[in-house]
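Order of the sequence lines fixes the chain letters, A, B, ..., with proteins taken first and strands second; residue numbering starts at 1 for each chain. This is a predicted model, so every value here is computed, not measured. Computation of the quantities below employed the complete heavy-atom set of this structure, encompassing side-chain atoms and omitting hydrogens, waters and symmetry-equivalent molecules.
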Number of protein chains: 2
Amino acid sequence: MTRNPRSSRPAVTTNVVVFTLRDDKLKLLLVRRRSDPYKGMWALPGGYVEADEDLDDSAMRALEDSTGVAGVYLEQLYTFGAPDRDPRGRSISVAYYALVPSEKLQLRTASDSEAIGWFALDELEPLAFDHNEMVHVAHQRLAAKLAYSTIALQFMPQKFTLSELQKVYERILNEKLDKRNFRKRVLALDQIDQTQEVRRNGSHRPARLYSVRNPGEVQIIR
Amino acid sequence: MTRNPRSSRPAVTTNVVVFTLRDDKLKLLLVRRRSDPYKGMWALPGGYVEADEDLDDSAMRALEDSTGVAGVYLEQLYTFGAPDRDPRGRSISVAYYALVPSEKLQLRTASDSEAIGWFALDELEPLAFDHNEMVHVAHQRLAAKLAYSTIALQFMPQKFTLSELQKVYERILNEKLDKRNFRKRVLALDQIDQTQEVRRNGSHRPARLYSVRNPGEVQIIR
DNA sequence: GCAAAAGTGTTCCAGATACACCCATGT
DNA sequence: ACATGGGTGTATCTGGAACACTTTTGC
């Protein structure tokens with residue numbers, strides 16, 4: 001294993017699949033490309049890995065640059081490196097996924113006049129590069145993790161109702177869940193606390209508000 | 001997102017954590033480094049990603065070059081990219097793990113006079129680079145996959161006994177399993193077939209031999 | 001009073017666990 | 001005959017799934 005020449009090195013980037021729940025749908029954050037290749041198409045936020053930057057930091061920075069959001073759950077997903085994935089030349093992308101609670105969405109569209117926005121996962125158009133594949137893998141991973149971790153809590157704001165939490169599960173798994181079984185299950189996790197507050201939300205009984213006991217922590221269960 | 005200069009690009013490598021079961025222990029394949037850095041220390045097999053090579057192919061090639069073994073189970077694990085992980089300069093390694101059945105072990109140590117060998121996972125010395133960490137992550141992933149996939153069958157040769165299969169589980173999970181419950185469970189997977197043969201193996205009752213129904217396939221269960 | 005979402009328990013089933021003895025062979 | 005690993009069944013426990021009615025509010 002000898003040192004390879006710089007001339008043959010691939011470019012290394014990170015991309016982030018940012019999920020949130022909004023308008024009762026699972027959505028993700030896309031950026032419109034301002035230059036070729038794929039100029040004008042929507043793509044995942046991302047960027048080149050800086051000289052002295054850890055991969056996680058690079059992904060976090062890509063996310064912050066496009067959204068202004070920091071401190072959200074971020075996890076490495078998979079590394080994509082098909083030789084033809086970038087028409088400009090050899091490129092490797094370390095893909096991440098992130099979960100942001102609906103409250104933190106303070107998109108700073110104005111900042112660099114980039115067009116960015118939230119798109120429903122189930123009405124996604126073709127994206128730049130291999131980004132559709134990244135989205136697919138991220139969604140799969142997220143759905144799998146619901147079953148054996150407390151990752152869904154990363155979507156929740158400080159105070160939330162159990163119905164809202166159930167919606168998160170239902171939208172990610174794409175199936176309706178039983179209300180009683182669901183409540184039993186999430187309360188048994190011992191990771192959310194009832195508060196004294198309720199939320200009045202329409203012409204029906206107010207909903208009790210809950211809070212996450214250890215925000216930022218994701219536990220493996222079962 | 002503009003094209004970054006070649007001068008700042010990291011080197012990209014793959015490394016492979018190759019597991020097998022041998023001498024009743026979970027072992028992995030290591031190569032002794034012939035040059036600095038970490039000259040003389042043991043390291044995971046690996047190499048630079050070639051100009052027109054897919055990441056999977058690169059890992060497979062690294063494995064073949066060191067062992068002569070091909071066609072084994074290989075899966076991407078995680079990408080390691082701490083800025084200081086290689087003292088020579090910025091480097092990113094896409095780590096894989098591989099499972100080889102004990103029969104396929106035809107190490108061609110002679111081929112390029114590299115020192116290579118199998119080492120018990122639980123008596124591992126400090127390795128070069130961040131390779132101990134890679135091993136740790138690979139072992140964790142492997143143990144987790146036992147619970148929800150048929151991945152353990154990738155360790156088995158064409159014909160094997162249920163006791164041998166049980167040993168695979170026990171060595172990976174590091175715990176003893178109940179013989180009757182184990183057999184019930186693996187037979188219920190409907191992925192292994194009884195053969196008409198038995199193996200005479202010592203001064204005791206011969207063991208029935210089984211074969212994997214779909215070798216090469218790993219199914220997700222539960 | 002009625003529409004609409006919030007809240008609440010019990011029964012049933014399947015899969016996991018715990019557990020002990022006989023079998024076939026080599027020496 | 002005895003030592004050694006191979007092979008087998010049942011009772012129990014536990015977590016998941018199915019399922020319907022009452023409560024509180026706004027209008």
Side-chain angles (χ1 to χ4, degrees), chain A residues 21 23-24 143-150 152 156-157 159-171 173-211 219-222, chain B residues 21 23-24 143-150 152 156-157 159-171 173-211 219-222:
Chain A
L21 214 82
D23 307 330
D24 201 32
K145 279 227 161 184
L146 282 195
Y148 65 89
S149 79
T150 59
M156 308 318 290
K159 305 274 175 70
F160 57 93
T161 70
L162 292 186
S163 298
E164 286 165 353
L165 182 55
Q166 184 171 346
K167 275 278 191 301
V168 168
Y169 278 80
E170 290 181 339
R171 290 303 168 265
L173 296 175
N174 236 334
E175 59 180 332
K176 264 191 78 72
L177 300 176
D178 178 81
K179 203 202 308 187
R180 281 172 290 189
N181 292 337
F182 176 80
R183 286 168 185 239
K184 234 182 304 172
R185 189 152 61 88
V186 297
L187 290 175
L189 292 179
D190 217 42
Q191 290 296 320
I192 62 181
D193 297 309
Q194 208 180 79
T195 70
Q196 292 316 307
E197 303 166 58
V198 292
R199 175 179 300 154
R200 242 160 279 268
N201 208 14
S203 54
H204 54 78
R205 179 171 173 174
R208 173 122 272 143
L209 291 176
Y210 291 79
S211 64
Q219 313 230 2
I220 305 299
I221 52 184
R222 207 162 333 179
Chain B
L21 213 82
D23 308 330
D24 202 32
K145 279 226 161 184
L146 282 196
Y148 66 90
S149 79
T150 60
M156 307 319 289
K159 304 276 175 69
F160 58 92
T161 70
L162 292 186
S163 298
E164 288 166 352
L165 182 56
Q166 186 172 342
K167 276 276 191 298
V168 169
Y169 278 80
E170 290 181 338
R171 292 302 168 266
L173 297 174
N174 236 333
E175 60 179 331
K176 266 191 78 69
L177 300 176
D178 179 81
K179 204 202 305 187
R180 281 172 290 191
N181 293 337
F182 177 78
R183 287 169 184 237
K184 232 182 306 172
R185 189 152 61 89
V186 297
L187 291 175
L189 293 179
D190 219 42
Q191 291 296 319
I192 64 182
D193 297 312
Q194 207 180 80
T195 70
Q196 293 314 307
E197 302 166 59
V198 293
R199 175 179 298 155
R200 244 162 279 267
N201 208 13
S203 53
H204 53 79
R205 177 171 176 175
R208 174 121 271 143
L209 292 176
Y210 291 78
S211 63
Q219 312 230 1
I220 304 300
I221 53 185
R222 205 166 333 182

* Asked: From dG16(D), dA16(C), dG9(C), pick the nucleotide closest to the side chain of Arg180(A)?
  -> dG9(C)
* Asked: Whole Å only: how far is the CZ atom of Arg205(A) from the P atom of dG7(C)?
  -> 6 Å
* **Value in whole Å for how far the P atom of dG16(D) lies from CZ of Arg222(B)** => 12 Å
* State, to 0.1 Å, how close Arg199(A) and Lys159(A) come at their nearest heavy-atom pair, and which atoms those are. => NH2-O, 3.6 Å
* **Proximity to the side chain of Asp178(B) - top-ranked nucleotide from dG6(D), dG7(C), dC19(C)** => dC19(C)
* Asked: Which residue lies toward the 5' end of DNA chain D, Gly202(A) or Lys179(A), if each is placed at its nearest nucleotide?
  -> Lys179(A)
* Structure fact -> Tightest non-hydrogen contact, residues Ala143(B) and Leu173(B), listed as O-CD2, 3.9 Å
Grab the N/O contacts between the protein and nucleotides 1-3 of chain C below 3.5 Å, and write none if there aren't any.
none

* In whole Å, what is the span from the CG atom of Asn201(A) to the P atom of dT25(D)? -> 14 Å
* To do: With DNA chain D as reference, determine whether Pro206(A) or Thr161(B) sits nearer its 5' end, using the nearest nucleotide of each.
  => Thr161(B)
* Donor-acceptor pair present, Lys184(A) side chain and dT8(C) base, under 3.5 Å -> no
* Are the side chains of Leu209(A) and Thr161(A) in touch, meaning some heavy atoms are under 4.5 Å apart? -> yes
* Structure fact -> Whole-Å distance, Asn181(B) CG to dC13(D) C1', equals 13 Å
* In whole angstroms, how far is the P atom of dT8(C) from the CZ atom of Phe182(A)? -> 14 Å
* To do: Look at Arg183(A) and dG7(C) and indicate whether a side-chain polar atom (N or O) is within less than 4.0 Å of OP1 or OP2.
  => yes
* Shortest non-hydrogen separation from Ala152(B) to Val168(B) and the atoms involved -> CB-CG1, 4.2 Å
* Is any side-chain nitrogen or oxygen of Ser163(A) closer than 4.0 Å to OP1 or OP2 of dA5(C)? -> no
* Asked: Just how far, in rounded Å, is C1' of dT25(C) from CZ of Arg199(B)?
  -> 16 Å
* Asked: If you take all heavy atoms of Ser149(A) and Ile221(A), which pair is closest and at what distance?
  -> N-CG1, 3.6 Å
* If every non-hydrogen atom of Gln196(B) is compared with every non-hydrogen atom of Arg208(B), which pair is closest and at what distance? -> O-NH2, 3.4 Å
* Asked: Does a side-chain N or O from Arg200(A) land closer than 4.0 Å to OP1 or OP2 of dT25(D), or not?
  -> yes
* **Qualifying residue for side-chain contact (heavy atoms from CB on, under 4.5 Å) with Arg183(B), from Asp178(B), Leu165(B), Leu162(B), Leu177(B)** => Leu162(B)
